[in-house]
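What you see is a predicted model, and the numbers here were worked out from it, not measured in a lab. We count residues from 1, following the sequence as given.
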Amino acid sequence: MIELEIHDGVAEVVLNAPDKLNALDESALAELDEAYEEAEAAAAEGRVRALVLRGEGRAFCAGRDISGVDPRDDDVLRYLGGKVEPLLKRMSRIPVPTFAVAHGACLGVGLGLLIASDIVYVADSAKIGSPFKNLGATLDSGGHALFVERLGAHRTMDLIVTGRLMSGSEAVAAGMFSQVFPADEVTDATRAAARAAASGPTLAFAASKRLVAELRDERLGLWGSMAHENRAQAALCDTDDYREGFAAFQEKRTPTFTGRG
């Protein structure tokens with residue numbers, strides 16, 4: 001179900017089970033984890049400098065595959081806490097810019113995959129929300145944190161209780177994701193952005209990625225964040241990209257970044 005290709009410094013991870021809207025069972029989660037582990041190893045070797053995650057077919061990911069689940073003996077904590085959460089943490093830590101293409105249904109675990117990506121480009125017709133009231137289930141995979149942070153408590157509860165799905169345009173307007181595109185353009189736009197990032201100062205991007213995560217998770221505030229920024233900038237001074245960027249600016253030419261320290 002999960003495919004990984006690497007070309008010109010960009011890894012592309014594909015959810016390829018369109019017949020079930022790329023819903024994820026435990027086996028698929030394991031495959032996805034392996035793909036990100038491989039991409040992370042390639043990043044450490046300098047072969048991957050950006051990553052794209054996308055889904056085949058009509059949807060990005062409709063969430064958990066519950067087609068064979070018996071609710072009477074469902075160990076949902078093992079699925080979510082033992083499988084999904086470690087995967088999302090791995091995805092969020094990979095030290096290169098990661099992009100996701102959101103189209104069609106982006107629900108449950110599928111929403112979590114978007115949350116764990118750095119940059120999300122969304123089709124205007126995407127469907128995002130919490131349609132789980134008919135299952136007697138709740139939003140998971142980080143959805144509550146995203147909704148409350150971007151929408152506030154009242155709008156979050158409205159989406160949960162009504163089951164209404166937001167369009168991609170509405171989600172981007174609310175500040176949930178990066179940019180919105182027509183459905184037939186979003187994949188190409190995401191790939192182009194990833195290629196551009198892969199040729200950029202990826203060590204600096206990785207430093208910003210860590211800083212953003214610290215601000216989100218540790219609530220550093222202005223001065224705490226500034227102190228972390230200062231240390232990150234000092235570390236970048238010793239990299240080839242930093243020296244190349246300064247030289248190119250002073251020589252009035254386009255820099256050539258390698259992503260090397």
Side-chain angles (χ1 to χ4, degrees), residues 4-13 33 35-54 87-101 113-122 149 172 175-179 181 186-261:
L4 169 65
E5 295 183 355
I6 299 174
H7 296 293
D8 300 324
V10 178
E12 184 159 305
V13 179
D33 189 75
Y36 270 81
E37 183 178 20
E38 184 176 341
E40 186 173 7
E45 297 168 359
R47 295 189 294 114
V48 165
R49 300 180 64 198
L51 181 146
V52 172
L53 173 66
R54 66 177 183 86
L87 167 64
L88 299 183
K89 287 179 177 178
R90 178 190 289 281
M91 291 174 60
S92 68
R93 288 195 304 260
I94 188 169
V96 297
T98 61
F99 296 77
V101 183
L113 299 181
L114 301 182
I115 294 170
S117 301
D118 297 328
I119 298 163
V120 181
Y121 288 171
V122 186
E149 181 181 84
V172 169
M176 293 175 67
F177 298 116
S178 311
Q179 295 187 54
F181 294 89
V186 64
T187 299
D188 287 343
T190 308
R191 285 171 169 161
R195 288 193 298 269
S199 65
T202 46
L203 292 174
F205 294 156
S208 285
K209 181 169 180 168
R210 290 190 297 271
L211 288 164
V212 168
E214 288 167 352
L215 275 166
R216 179 195 63 209
D217 298 337
E218 300 176 22
R219 306 297 181 185
L220 296 175
L222 174 61
W223 306 118
S225 175
M226 192 176 297
H228 283 231
E229 288 171 342
N230 296 343
R231 289 192 290 271
Q233 197 75 287
L236 287 169
C237 286
D238 292 329
T239 66
D240 291 347
D241 280 354
Y242 193 91
R243 289 185 283 267
E244 165 64 8
F246 270 69
F249 177 83
Q250 292 162 350
E251 296 165 11
K252 296 180 173 57
R253 59 176 175 82
T254 301
T256 301
F257 295 117
T258 64
R260 290 195 294 266

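- Here the shortest heavy-atom pairing between Val120 and Leu114 reads CG2-O, 3.4 Å.
- Asp240 pairs by the side-chain hydrogen bond (donor to acceptor under 3.5 Å, both in side chains) definition with Arg243, not counting sequence neighbours.
- Once rounded to the nearest 0.5 Å, the distance linking NE2 of His7 with CZ of Arg195 reads 11.5 Å.
- Using a 4.0 Å cut-off between charged nitrogen and carboxylate oxygen, Arg90 and Asp33 count as a salt-bridge pair.
- Residues Met91 and Leu53 form a side-chain contact, since some pair of their non-hydrogen atoms from C-beta on lies under 4.5 Å apart.
- Enclosure of atom CD in Glu5 is not indicated, since only 12 or fewer non-hydrogen atoms of other residues, nucleotides or ligands lie within 6.0 angstrom.
- Annotation for Ser225 and Leu220: closest pair N-CB, 3.7 Å, computed over non-hydrogen atoms.
- Shown here for Thr98 and Ala116, the closest heavy-atom pair between the two residues is OG1-O, 4.4 Å.
- Residues satisfying the salt bridge (Lys or Arg N to Asp or Glu O under 4.0 Å) criterion with Asp118, sequence neighbours excluded, are Lys209.
- In terms of heavy-atom proximity, Ile94 sits nearest to Tyr36 at CD1-O, 4.3 Å.
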Side-chain donor-acceptor distances from residues 197-208 under 3.5 Å, at least two apart:
| residue | atom | partner | partner atom | Å |
| --- | --- | --- | --- | --- |
| Ser199 | OG | Ala196 | O | 2.9 |
| Thr202 | OG1 | Arg49 | NE | 3.3 |
| Thr202 | OG1 | Arg49 | NH2 | 3.3 |

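- Atoms CZ and CZ, from Phe99 and Arg54 in turn, are 15.5 Å apart once rounded to the nearest 0.5 Å.
- In this structure, the separation between CZ on Phe246 and CD on Glu251 is 13.0 Å, given to the nearest 0.5 Å.
- Ion pairing between Glu244 and Arg253 holds under the 4.0 Å rule for side-chain N and carboxylate O.
- With a 4.5 Å cut-off on side-chain heavy atoms, Val10 and Val52 count as touching.
- Under the 4.0 Å criterion applied to side-chain N and carboxylate O atoms, Arg191 and Glu12 are assigned as salt-bridge partners.
- At a threshold of 4.5 Å between non-hydrogen side-chain atoms, the residues Asp241 and Thr258 count as touching.
- Tested against Tyr121, the residues Thr190, Val172, Val101 include a single side chain to side chain contact (heavy atoms under 4.5 Å, CB included) partner, Thr190.
- Atom-to-atom distance recorded for Leu211:CG and Arg216:CZ is 12.0 Å, nearest 0.5 angstrom.
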